[in-house]
Amino acid sequence: MSYVPSHDGGLLAQPESLVFIPMTQSTTQAPVVDTSINLDSAQTQFGSWSVSISSDIITLPSPYFYLIESSVQAYYTGSAGTSDYYEHQIYDETNSNYVGSIARIQRSEGEDTQLESRDEKARYYVNVSSGSLNISIKTKSFTSNFNRINYNGDAAWTNNTGSGRVIIWRLNP
């Protein structure tokens, strides 16, 4: 976000709609590479559009621009070392390929100083100009010690980390 003094009190860019999709929490959901992560019901935070979700696949209609951001909460029920990690990415179901940036959660002290560290959120900006686009959020890779995602079996953990989520900004073309 940028600060522009001449726009004080006004918005620089306002989405047509903003939708929040929590990921389903459980005590048993294990990450599986190339498998969609379970999504809960969409909640429209701004605007009137609500996304369509079927079998954990999100349909984005045209003609709009979308900024999609996803975050998954990774958990280990045993012990994990400093080299353990979990990665996820947005998957284009229409064209069968991973898109946008890869998100990585690294179990490491000083994670942000590690060469292999990435942002913990996956992001994708897309112009859906003709037809609709189907996307999902998939586990890309992980070490076996990260054995749960969106885990709610530990109250202290859940209260401090929240849950995985997808946020979609729908922008006018």
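Along the sequence shown, residues are numbered consecutively beginning with 1. Quick caveat, the model's predicted, so the values are computed rather than measured.
- Distance check, rounded to the nearest 0.5 Å: CD of Q29 to CD1 of I149 gives 4.0 Å.
- Nearest approach of G131 to S62, heavy atoms of both residues: O-CB, 2.9 Å.
- Side-chain N/O atoms of R170 and Y64 include a donor and acceptor closer than 3.5 Å.
- Between the side chains of Y124 and S70, no donor-acceptor pair is found at a separation under 3.5 Å.
- Hydrophobic clustering (ILVMFWY, side-chain heavy atoms < 4.5 Å, transitive): F146 and V33 are in one cluster.
- To the nearest 0.5 angstrom, L133 atom CG is 5.5 Å from L60 atom CG.
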Report task. May I have the step-by-step check of side-chain contact (heavy atoms from CB on, under 4.5 Å) for Y86 and T139, ending in yes or no? Result -> CA-CA 8 Å; Y86 171 84; T139 296; 2.8 Å; yes
Under 3.5 Å, which donor-acceptor pairs link side chains of residues 43-56 to any protein atom two or more places apart or in another chain?
residue: T44; atom: OG1; partner: W49; partner atom: O; Å: 3.1
residue: D56; atom: OD1; partner: L39; partner atom: N; Å: 2.8

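- Checking side-chain atoms of Y66 against main-chain N and O of P61 turns up a donor-acceptor pair under 3.5 Å.
- Separation of atoms OH (Y125) and CD1 (I90) is listed at 14.0 Å; rounding is to 0.5 Å.
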Task: Working for side-chain contact (heavy atoms from CB on, under 4.5 Å), residues E69 and W169 - done: CA-CA 9 Å; E69 179 180 277; W169 286 266; 3.9 Å; yes
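- Rounding to the nearest 0.5 Å places CG of L171 at 7.0 Å from CG of L67.
- Both I135 and I21 sit in one connected hydrophobic cluster of ILVMFWY residues. Membership requires side-chain heavy atoms under 4.5 Å apart, directly or through other members.
- Heavy atoms only, all atoms of each residue included: H88 and A122 are closest at NE2-CB, 3.8 Å.
- Checked against the 6.0 Å centroid criterion, the rings of Y75 and Y151 qualify as a close aromatic pair.
- Going from atom CD of E87 over to atom CD of Q106 covers 8.5 Å, rounded to the nearest 0.5 Å.
- Residues V126 and I168 are members of one and the same hydrophobic cluster, defined by side-chain heavy-atom contacts under 4.5 angstrom among Ile, Leu, Val, Met, Phe, Trp and Tyr.
- One N or O on the side chain of N150 and one on the backbone of Q73 form a donor-acceptor pair closer than 3.5 Å.
- Of the inter-residue distances, the one linking Q25 atom CD with D40 atom CG reads 8.5 Å to the nearest 0.5 angstrom.
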Kindly indicate, with the supporting measurements, whether the criterion side-chain contact (heavy atoms from CB on, under 4.5 Å) is fulfilled by N38 and M23.
CA-CA 6 Å; N38 300 334; M23 293 178 178; over 6 Å; no
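- Looking at residues two or more places apart in sequence or on another chain, you find no salt bridge (Lys or Arg N to Asp or Glu O under 4.0 Å) involving R148.
- The hydrophobic cluster containing V166 also contains V99, counting ILVMFWY residues as joined when their side-chain heavy atoms lie under 4.5 angstrom apart, directly or transitively.
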### Query
Run the side-chain contact (heavy atoms from CB on, under 4.5 Å) check on Y76 and T143 step by step: do they pass?
CA-CA 10 Å; Y76 49 93; T143 56; over 6 Å; no
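- In the hydrophobic clustering of ILVMFWY residues, with side-chain heavy atoms under 4.5 Å counting as a link, I68 and I58 come out together.
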